Amino acid sequence: MAGEGAPGEVVPEGAARVARVMLESPLPQLDRLFDYLVPAALAPDAHAGVRVKVPLRSAGRTARGYIVELTERGDYGGSLSEIDEIVSPLPVLTPEVWALARRLADRAAGSACDIVRLAIPPRFVRVEKAFLARQGAAGTASPEVAGPPVTGVLTGYSESDAAHLAEPGARAAIDAIATVVPVHAADGVDHTVGHWALTVAELAASVFRRGESVIVAVPDYRDQISLEQALSHLGVGNAVVPLDARQARNDRYAHFLTALDGAPHIVVGNRSSIYAPVSRLGLIVIWDEGDSLQSEPLAPYVHVRDAALVRQEQSGSRLVFVAHSRSTEVERLVELGFLHQVFPAPRYLPRVVPTAEQDDADAPQNAARIPTAAWQVARKALESGPVLVQVARPGYAPVLACQTCNAPAACTVCGGPLHVGRAGQRPSCTLCGAIAANWTCSHCQGTRYRFASIGAGRTADELGRAFPGVRVIVSDGERTVLTVDARPALVVATRGAEPIASGGYRAVLLLDGPRMLARESLRVAEDCLRWWSNAIALSAPRAPNVLVGVGGELAKALVTWQQEAVAGSELADRRRLRFPPAVRIATITGAAETVATALSDLRALLSDEEWAKMDTLGPVPTEEASVRAIVRFDYAVGGAVARHLRALVVKNATSRRAKPGRAPGFRPPPTLRVRFDDSEIME
DNA sequence: AGCACGCCGACT
DNA sequence: GTCGGCGTGCTC
């Protein structure tokens with residue numbers, strides 16, 4: 001490389017002289033490609049995908065960005081500036097990921113650079129140097145793979161389903177087998193994992209052994225570990241590239257670069273792994289797509305499901321959604337015939353026993369919310385191993401109330417709700433953390449409070465008293481226990497934080513069903529079904545699973561293990577109400593006049609046919625000086641709605657002015673903001 | 001975001 | 001006549 005590209009050297013005839021650059025800027029009006037000249041000195045490293053620094057508007061002001069493509073002549077009429085610097089010669093933004101980012105941003109009326117930020121971790125120079133040195137020395141080496149050859153067998157499923165899933169471009173919703181299996185990892189240690197992990201690992205290993213890459217997006221760390229153990233069990237542990245959020249930033253960049261090296265890999269990570277720059281993508285797996293952690297909280301809020309659907313379409317890879325229960329979104333895709341349903345063969349039916357809640361004077365201690373039948377199940381199961389008790393709330397007493405007037409107990413400092421975190425602790429404020437010493441009720445001046453709800457900690461205390469001598473283990477969101485051994489123990493866990501028990505739980509008690517169902521949410525039925533199903537799936541084969549205090553359609557769905565029936569009827573309701581996912585929605589937020597003009601501009605931009613396929617809710621006032629309108633529309637017109645709303649956001653961003661030098665207290669009107677497919681908003 | 005351009009009020 | 005106020009618009 002040395003000696004090439006001296007200043008003033010002439011670029012070879014026919015070489016690309018113009019780089020089209022995506023700028024790293026949050027401004028919607030800069031979300032397009034800008035043309036720059038490639039100076040001869042930089043030509044050797046000027047490849048599509050490399051990070052660059054470019055001048056913007058005036059000399060001295062630089063922006064960062066990525067070369068997206070190289071052409072001989074740009075389409076810009078004016079005179080072009082030259083690229084300042086090529087930050088690194090590594091082409092980190094692959095054409096495939098760029099195309100994905102552009103499509104998803106357009107679909108969500110957002111900036112492609114916001115997606116690229118999720119896709120490419122921050123650069124780590126030392127990591128990059130080490131990677132380049134390694135690549136220069138050894139070239140691109142495929143990871144070594146041990147273990148059995150490609151079998152195409154999918155344990156617990158029919159041969160015909162396995163064959164269907166092996167076909168290129170296959171798309172399916174797979175109902176996971178609701179129990180646990182032992183795996184023998186390469187480290188020589190035996191582990192227990194959910195059977196889903198073995199299923200996903202079998203699919204991944206068979207695609208990987210064809211020389212293709214796999215991406216698996218899992219919601220949390222516990223699932224990440226289980227899947228890595230299952231992949232190790234199948235002899236493809238070396239192929240795993242982990243991209244989870246727990247990694248240090250340098251490790252994250254190192255693993256990102258490994259994914260980029262051109263060899264086939266099995267990428268396992270959180271929702272942003274869907275953007276991994278692997279080559280020859282053969283399979284995308286989304287495990288437990290309904291988990292809220294699969295929903296992206298950063299703009300433009302593209303759910304991993306939607307990113308996966310677009311990436312599948314663009315790459316022609318296989319795509320499977322694996323879960324114990326079905327979201328309405330996946331149900332819609334099944335009903336459209338877009339996803340093929342796959343059930344275990346023979347169907348696996350866990351033992352689920354619904355028990356109506358009862359006030360039972362005979363129940364030990366004051367634990368009346370645990371019916372006698374459940375006590376008996378727990379007592380018997382504790383003879384042979386661990387028992388899982390799922391509860392709704394973490395802490396000890398999550399809610400306190402005034403003993404005199406029954407009002408919720410509020411912090412005397414900030415007015416926030418009080419709670420007791422651990423047994424014997426003084427009450428403290430959930431918001432500001434202040435210890436409530438000498439508490440007085442703000443309503444009646446009473447000074448005594450009572451526990452108004454029961455958390456995991458208090459349940460654990462009660463159970464410990466009822467079963468003297470039995471180990472009690474608490475796992476909640478704050479202190480999550482990942483695994484427990486096979487010895488008898490009462491494991492009290494909040495939903496989603498259940499440890500995996502070696503050999504599976506001998507019984508599962510789902511205690512706080514009615515409380516979980518009481519939550520005000522459009523998704524409450526599907527969420528509860530998912531929480532319960534996932535806990536049941538941690539039980540050993542034939543172990544009893546007691547569902548306390550829940551009857552009706554939900555209990556029936558669990559007993560017959562047909563959660564998709566609930567998803568189907570939920571979706572039918574949403575169609576009737578025109579709620580997502582039957583339709584798409586976009587929320588439009590901003591100053592009242594801004595939103596009003598945006599809505600009328602949108603009407604003007606759409607054809608009559610398009611307008612007929614949508615309706616508007618609101619606007620309603622939200623926070624200070626802001627209103628929010630919701631537009632609902634059929635999937636067919638989503639592209640047009642997104643394009644026009646995006647244009648209005650750009651227009652608003654360029655014309656709106658914060659007026660400096662105005663009277664003190666003057667606040668610029670809130671910006672026009674558009675967000676697509678925010679299903680939380682319908683609650 | 002920043003920064004230059006441009007179109008109206010007070011000035012040597 | 002022009003110096004400079006800040007609203008307006010653009011960024012390859």
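All values derive from a computational prediction rather than experimental measurement. Below, chain A is the first sequence line, B the second, and so on; all start at residue 1.
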Engineer: Does a donor on one side chain and an acceptor on the other come within less than 3.5 Å for Arg646(A) and Ser111(A)?
Structural biologist: yes
Engineer: Report the distance from atom CG of Leu27(A) to atom C1' of dA1(B), rounded to the nearest whole Å.
Structural biologist: 6 Å
Engineer: Within this structure, what is the CG-to-P distance between Leu23(A) and dC12(C), rounded to whole angstrom?
Structural biologist: 8 Å
Engineer: Nearest-Å distance, CD (Gln29(A)) to P (dC10(C))?
Structural biologist: 11 Å
Engineer: For Leu243(A) and Arg252(A), work out which heavy atoms get closest and say how close.
Structural biologist: O-NH1, 3.0 Å
Engineer: Return the stacking result for dC12(C) and Tyr76(A): yes when the ring centres lie under 5.5 Å apart and the planes under 30°, no otherwise.
Structural biologist: yes
Engineer: Round to the nearest Å and state the distance from Ile83(A) atom CD1 to dC12(C) atom C1'.
Structural biologist: 11 Å
Engineer: Output the rounded distance in Å from CG (Leu30(A)) to P (dC12(C)).
Structural biologist: 9 Å
Engineer: Met22(A) CE to dT11(C) C1': how many Å, rounded?
Structural biologist: 15 Å
Engineer: In this structure, how many angstroms lie between the C1' atom of dC12(C) and the CZ atom of Arg61(A), rounded?
Structural biologist: 13 Å
Engineer: Check every strand shown and say whether Leu80(A) touches a base, only sugar-phosphate, or nothing at a heavy-atom separation below 4.0 Å.
Structural biologist: sugar-phosphate
Engineer: Could you check whether Glu313(A) pairs with Arg103(A) (Lys NZ or Arg NE/NH1/NH2 to Asp/Glu carboxylate O, under 4.0 Å)?
Structural biologist: yes
Engineer: Can you tell me how far P of dC12(C) sits from CG of Asp84(A), to the nearest Å?
Structural biologist: 11 Å
Engineer: Ignoring hydrogens, what is the shortest heavy-atom contact between Val92(A) and Phe256(A)? Give both atom names and the distance.
Structural biologist: O-CZ, 3.7 Å
